Amino acid sequence: DQNSVRPERGSTSLTTNGWVQQPENSNALSISRTGFHAPTKSVYDALSMANAKEQSKPRKSLSRELSIGVILVVAVIFAALNAYSLLDTWTMRRGDAIAAAEAVAKAIPGAITGPLKFADNGVHDVGVQAAFRNALGASLEPPSDIAFALLLDPNRELVTGRARPNLVVFPGGKRLKDEDEVLREVARLRGKLGGAIEYRLFPIQTKVGEARVELASVLVGVSLARVQRDLRQSVIINGSIFVAALIAMLLYASYMLRRLVIRPLATISDAMYAVKEGDLNQEVEIHRGDEIGRLAESYNFMVSGLRERES
């Protein structure tokens, strides 16, 4: 052609018919204004190898990733709500137990103040001690959580009291079966047992002139062991419900994602692979108004256009 320049082997030149890739060998791809010249077998082999390499790469499951994401979000929300509910329950139960103990302790001064006025031995008087025990009444009987109630003299020494040895646990997990031993040990420790025991000390004072004189004090301890046990049971029950709900949600999410997303995408992917292999008769029957439906419609439109171009 007199309008073209003779190129070197393997170069690209411009002719009146368009750009032409000058082949170095018989496997080159020629492009002109009239269209593509079919590549040779070695090019197909190279493309097939590249496609096989791509196919061999590990693929992530969209269903699994989306399911895990949904579960994590729900798990965080549920855990936060459950933790808040358990904390609120613990605070309320603890407050109720301590309030009950304080109510008992506050009723004692009124019961022993009268006998104290006429007692020669102060709080060591038998009448005062009897009034103290009567004021306690059934406050230390089940289902009360009050573990002990002690009457102490002005020197904070034990005068009398009542205790429930089965509720009292001393530091190191030590337990005493005898009620008198429990009272003496509690008085020695000033109620500071730790663990599930919380205590309150209420001084009983009288005004002498301008000064206030302590006549006695009441030491009351409450055991939160039952509250803690109920809380642990609630954690186990709620945890079991949470796990069951997660499993049910996982199964439902997997089913819905597979039906609504994974299967339609797999259908379209298989059809596109068939088109790549030269089969232009593959159309997908997905009639939906969402993104998956529009993707299927676009695919069918593409295949229809390819068929028209081939014909």
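Not measured: the values here are computed from a predicted model.
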> With hydrophobic residues grouped by side-chain heavy-atom distances under 4.5 Å, do Val186 and Ile197 end up in a single group?
Replying inline: yes
> Do the charged groups of Glu185 and Arg175 touch, with an N to O distance under 4.0 Å?
Replying inline: no
> How far apart are the closest heavy atoms of Leu201 and Arg156, and which atoms are they?
Replying inline: CD2-NH1, 3.0 Å
> How far does CG of Leu158 sit from CG of Leu183, to the nearest 0.5 angstrom?
Replying inline: 6.0 Å
>> I need the minimum non-hydrogen distance between Gly122 and Val128, along with the two atoms involved.
In response: O-CG2, 3.6 Å
>> Looking at every non-hydrogen atom in both residues, tell me the closest pair between Gln282 and Tyr299 and how far apart they are.
In response: O-OH, 2.9 Å
> Between Ser234 and Asp230, is there a donor-acceptor pair closer than 3.5 Å when you use the side chain of the first and the backbone of the second?
Replying inline: yes
> Do NZ/NE/NH1/NH2 and the carboxylate oxygens of Arg294 and Glu291 come within less than 4.0 Å?
Replying inline: yes
>> Let's go through Phe170 and Leu176 carefully: what are the C-alpha distance in whole Å and the side-chain angles of both, what is the deciding distance for side-chain contact (heavy atoms from CB on, under 4.5 Å) to 0.1 Å, and is it a yes or a no?
In response: CA-CA 8 Å; Phe170 295 97; Leu176 298 174; 3.7 Å; yes
> Under a 4.5 Å cut-off applied to non-hydrogen side-chain atoms, are Leu86 and Val235 in contact?
Replying inline: yes
> Is a side-chain N or O of Ser144 found less than 3.5 angstrom from the main chain of Leu140, in a donor-acceptor match?
Replying inline: no
> At what distance, to the nearest 0.5 angstrom, does CD1 of Ile112 lie from CG of Leu215?
Replying inline: 8.0 Å
>> Looking at every non-hydrogen atom in both residues, tell me the closest pair between Ala147 and Leu167 and how far apart they are.
In response: CB-CB, 4.0 Å
> Would you say Arg93's side chain and Leu224's backbone share a donor-acceptor pair under 3.5 angstrom?
Replying inline: no
>> Around atom CD of Glu297, are there more than 12 heavy atoms from other residues, nucleotides or ligands closer than 6.0 Å?
In response: no
>> For a quick test of reading the model, state the closest non-hydrogen atom pair linking Val303 to Leu280 and the distance between them.
In response: CG1-O, 3.1 Å
>> Please check if the number of heavy atoms outside Glu141 that lie under 6.0 Å from its CD is greater than 12.
In response: yes
> Do the side chain of Ser85 and the main chain of Leu81 share a donor and acceptor less than 3.5 angstrom apart?
Replying inline: no
> Does the pair Ile108 and Leu136 meet the rule for a side-chain contact (heavy atoms from CB on, under 4.5 Å), with working shown?
Replying inline: CA-CA 7 Å; Ile108 292 174; Leu136 290 179; 3.8 Å; yes
> Which atoms form the tightest heavy-atom contact between Pro165 and Lys177, and what is the distance?
Replying inline: CG-O, 3.6 Å
> In Å, rounded to the nearest 0.5 Å, how long is the span from NZ of Lys106 to CD1 of Ile204?
Replying inline: 13.5 Å
>> Quick check for you: to the nearest 0.5 Å, what is the distance between Leu295 atom CG and Asn300 atom CG?
In response: 9.5 Å
> Should Ile98 and Val220 be regarded as members of a common hydrophobic cluster, given that ILVMFWY residues are connected when their side-chain heavy atoms come within less than 4.5 Å of each other, either directly or indirectly?
Replying inline: no
> Between Asn134 and Ala130, is there a donor-acceptor pair closer than 3.5 Å when you use the side chain of the first and the backbone of the second?
Replying inline: yes
> For Leu87, does its backbone N or O pair with a side-chain atom of Thr91 as donor and acceptor, under 3.5 Å?
Replying inline: yes
> Roughly how far apart are Arg94 CZ and Asp145 CG, rounded to 0.5 Å?
Replying inline: 13.0 Å
> If Ile, Leu, Val, Met, Phe, Trp and Tyr residues are connected whenever their side-chain heavy atoms lie under 4.5 Å apart, and connections chain through other members, are Tyr199 and Leu151 in the same group?
Replying inline: no
>> Could you go through Val123 and Phe132, starting from their C-alpha distance and side-chain angles, then the distance that decides it, and tell me whether this counts as side-chain contact (heavy atoms from CB on, under 4.5 Å)?
In response: CA-CA 10 Å; Val123 292; Phe132 174 81; over 6 Å; no
>> Closer than 3.5 angstrom, by distance alone: can the side chain of Asp153 be matched with the main-chain N or O of Asn155 as a donor-acceptor pair?
In response: yes
> Ile292, Met256: one ILVMFWY side-chain cluster at the under-4.5 Å cut-off?
Replying inline: yes
>> Between Asn121 and His124 (side chain of the first, backbone of the second, donor and acceptor by atom type, cut-off under 3.5 Å), is there such a pair?
In response: no
>> Between Arg288 (side chain only) and Leu260 (backbone N and O only), is there a donor and an acceptor less than 3.5 Å apart?
In response: yes
> What's the spacing between Glu179 CD and Arg162 CZ if we round to 0.5 Å?
Replying inline: 6.5 Å
>> With clusters defined by side-chain heavy atoms of hydrophobic residues (ILVMFWY) lying less than 4.5 Å apart, directly or transitively, does Val284 cluster with Met302?
In response: yes
